[in-house]
Amino acid sequence: MKRLMPLLLAGWLTSIITQAHPVLPDSLGMEKKDGKLYVLHRVEQGQTLYSLVRKYNTTVQAIKDANPGLADGVRYDQVVRVPAGNLSRKEEKAVTKAIKKEEKESLEREERQVKQETVREANSGIHQVEPGQTLYSLASRYGVSMEEVRKWNNLSSDHIVSGQALIVSEKAWRVREPLAKPVAVAPTHRSDSSTEVSRTSRNDSPKTERPAAPPRTVPTPPREEPSRPAESERPAAEPTSPAPSEPRIIRPGDSGPLPNPGGNTRRISEIGMAEIIENSGNSNKYLALHRSAPIGTLVLVRNDMNQQSIWVKIIGRLPDTSVNDKVIVKVSARAFEKLSPADRRFRAEVSYLVP
C-alpha cells in the first residue's frame with residue numbers, strides 16, 4: 001500500500017514551489033515515485049479530469065499514466081496523482097530533499113509508536129501482588145492456570161510476597177521472552193556402504209565363472225547314541241513360587257489407583273462436593289481437610305467430571321457448619337490445580353483404607 005505523505009514545506013521552500021505551482025498550497029502535497037515528482041490532488045466538488053489538466057498545465061494522458069486504472073472521469077474526494085512540471089533542477093532537488101526528510105521523520109514516528117505500544121502491551125500483563133493475594137487467586141482472576149504463572153515468572157514454588165511484580169498473561173511473557181537461538185544442524189554424510197553400492201552399480205556387467213566341482217564326500221560310520229530314559233523315569237521339575245511383590249509406596253501428589261484392601265483393612269468411599277482450602281495458595285503440598293478420616297491418612301480424591309485423581313494427606317477436620325453441608329473434602333491450592341484448574345468447586349469421590 002502506497003502512503004500519501006503530505007509535505008509541510010516552510011519558509012523559502014514554500015515560496016519557491018508556490019511560484020512554480022500557484023495551486024500547490026491547495027493540494028495534499030507532493031510525492032516522488034520512480035524518480036518523478038507528482039502533486040497529490042484531492043478532487044473537489046464539480047472538478048473533472050479536464051479541469052485538472054487546465055489547473056496543472058498537463059495532459060489527460062500524463063494523468064492517466066500516473067494513475068493506472070483511472071477512468072475517463074474522476075469522482076469527488078478522489079486522490080489523483082498529477083505530474084509536477086515547470087520545476088527547475090534546483091526546485092526539484094529542494095522538493096526531493098523535503099520528501100526524504102518527511103519520510104525519515106515519519107519512519108521514526110512509526111518506530112517510536114511501535115516501541116510505546118510494545119511497552120504498553122507488556123505492562124498490561126503485569127500485576128503487583130497485594131497483601132493477602134495468593135498464586136491461586138491471581139490465576140483465577142486473570143483466567144490462567146497456576147502452572148502458567150509459575151512458568152512465566154520462573155517460580156519454583158507457589159509462594160509470592162506483597163509488592164512482587166508478576167507476569168499474568170502469555171502476551172506479556174512473549175514480549176519479554178528472549179529470542180530462541182537457531183539450532184545448527186550438522187550436515188549429513190553419505191555412508192561408506194551407500195558409496196560402495198553406488199560404485200558397484202557403475203561397474204560393468206559381472207563376469208561369469210564356471211561353478212566349482214562339489215567336494216568329494218566320504219561316508220562316516222553311524223554313531224551310537226545313549227539310550228534315553230523313559231518319560232516315567234525323568235525327575236519331576238520342582239514348582240517355582242513367584243517372587244513376592246513389594247507393596248506400592250503412595251505419597252501425596254501421586255495419581256495412582258487405590259490399592260486392594262488386605263485382610264485387615266476395608267475401603268471407605270464418599271461422594272460429594274470438593275472445594276479449595278482458603279489461604280493455601282502459598283503451599284506446595286497436597287493437603288486436605290475431612291470430616292472423619294484420621295489425621296495423617298492419605299486419601300484419593302477423584303474429579304467425577306474429568307476423571308483426574310490425586311492423593312492428599314489429611315491435616316485437619318472439615319468444620320461442621322451449614323455452608324459445608326454438601327462439601328466432603330477441602331484440598332490445598334496445589335491439589336486443586338491438578339484436579340480442577342478451571343472450576344471453583346467440583347463433584348468428587350473420596351476413597352481411603354482404614355484398619
Side-chain angles (χ1 to χ4, degrees), residues 1-6 102-185 252-255 273-288 301-310 312 330-348:
M1 178 178 178
K2 299 184 176 74
R3 295 180 303 172
L4 302 179
M5 304 184 59
E102 177 65 21
E103 289 178 346
K104 181 180 179 181
E105 293 176 352
S106 178
L107 183 60
E108 292 176 350
R109 286 194 299 269
E110 290 180 359
E111 291 178 350
R112 286 195 299 268
Q113 291 175 358
V114 170
K115 291 180 180 179
Q116 293 173 358
E117 185 66 23
T118 302
V119 172
R120 283 195 297 268
E121 290 178 356
N123 292 335
S124 63
I126 302 299
H127 178 89
Q128 189 169 6
V129 180
E130 300 174 1
Q133 290 182 331
T134 63
L135 194 67
Y136 176 78
S137 64
L138 292 182
S140 301
R141 176 177 177 177
Y142 290 98
V144 297
S145 67
M146 295 171 61
E147 183 179 359
E148 289 175 323
V149 179
R150 287 194 296 269
K151 170 187 173 183
W152 297 336
N153 297 276
N154 296 324
L155 299 179
S156 58
S157 67
D158 295 343
H159 180 71
I160 57 177
V161 296
S162 177
Q164 183 178 1
L166 294 178
I167 301 174
V168 291
S169 74
E170 185 174 7
K171 192 173 185 180
W173 176 66
R174 292 292 182 188
V175 172
R176 288 166 169 76
E177 185 184 21
L179 297 177
K181 297 181 179 180
V183 180
V185 180
D254 293 347
S255 58
M273 301 305 298
E275 293 183 352
I276 188 172
I277 301 176
E278 299 297 335
N279 302 324
S280 65
N282 290 337
S283 174
N284 291 326
K285 299 180 179 180
Y286 299 89
L287 311 173
V301 182
R302 182 175 63 86
N303 188 335
D304 280 348
M305 297 299 295
N306 57 19
Q307 303 303 315
Q308 293 290 332
S309 62
I310 198 169
V312 294
K330 285 191 175 184
V331 298
S332 61
R334 173 55 67 90
F336 202 90
E337 178 190 7
K338 298 291 185 180
L339 293 169
S340 180
D343 301 325
R344 299 289 298 180
R345 60 189 309 194
F346 60 91
R347 182 178 174 84

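Throughout, residue positions are numbered sequentially from 1 according to the sequence presented.
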Under the side-chain contact (heavy atoms from CB on, under 4.5 Å) rule, collect the residues that match up with A348, sequence neighbours excluded. A274, V301, F346
For R141, the salt bridge (Lys or Arg N to Asp or Glu O under 4.0 Å) test, sequence neighbours excluded, returns none
Around atom CD of E105, are there more than 12 heavy atoms of other residues, nucleotides or ligands at under 6.0 Å? yes
Shortest non-hydrogen contact between V312 and A288, atoms and distance: CG2-CB, 3.5 Å
Validation row: V144, W152 side chains within 4.5 angstrom (heavy atoms): yes
What closest approach, in Å, do G125 and A172 show between heavy atoms, and which atom pair accounts for it? CA-CB, 3.7 Å
For the student: nearest non-hydrogen atoms of I167 and W173, plus distance: CG2-N, 3.7 Å
Residue pair N153 / A165: nearest heavy atoms and the distance that separates them: OD1-O, 4.2 Å
Could you pull out all residues at least two apart from D254 that satisfy side-chain hydrogen bond (donor to acceptor under 3.5 Å, both in side chains)? none
If we only count heavy atoms from C-beta on, is the R334 to K285 side-chain gap below 4.5 Å? no
Minimum heavy-atom separation for V168 to H127, with atom names? CG1-CB, 3.9 Å
For F336, is there any backbone N or O sitting under 3.5 Å from a side-chain donor or acceptor partner on S340? no
Counting C-beta onward and ignoring hydrogens, is there a side-chain heavy-atom pair between Q128 and Q164 closer than 4.5 Å? no
Flag, side chain of Q133 to backbone of L138, donor-acceptor distance under 3.5 Å: no
Heavy atoms of A333 and Y136 approach each other most closely as CB-CB, 3.9 Å
Start with the C-alpha gap between Q308 and K338, add the side-chain angles, then the distance that decides, and say whether side chain to side chain contact (heavy atoms under 4.5 Å, CB included) holds. CA-CA 8 Å; Q308 293 290 332; K338 298 291 185 180; over 6 Å; no
So, does S157 use its side chain to make a donor-acceptor pair with the main chain of N284 at under 3.5 Å? no
Partner residues of N306 under the side-chain hydrogen bond (donor to acceptor under 3.5 Å, both in side chains) criterion, sequence neighbours left out: N303
Sequence neighbours left out, what passes side-chain hydrogen bond (donor to acceptor under 3.5 Å, both in side chains) with E170? Give chain and number order. R174
Run the side-chain hydrogen bond (donor to acceptor under 3.5 Å, both in side chains) test against S309 and tell me which residues pass, sequence neighbours left out. none
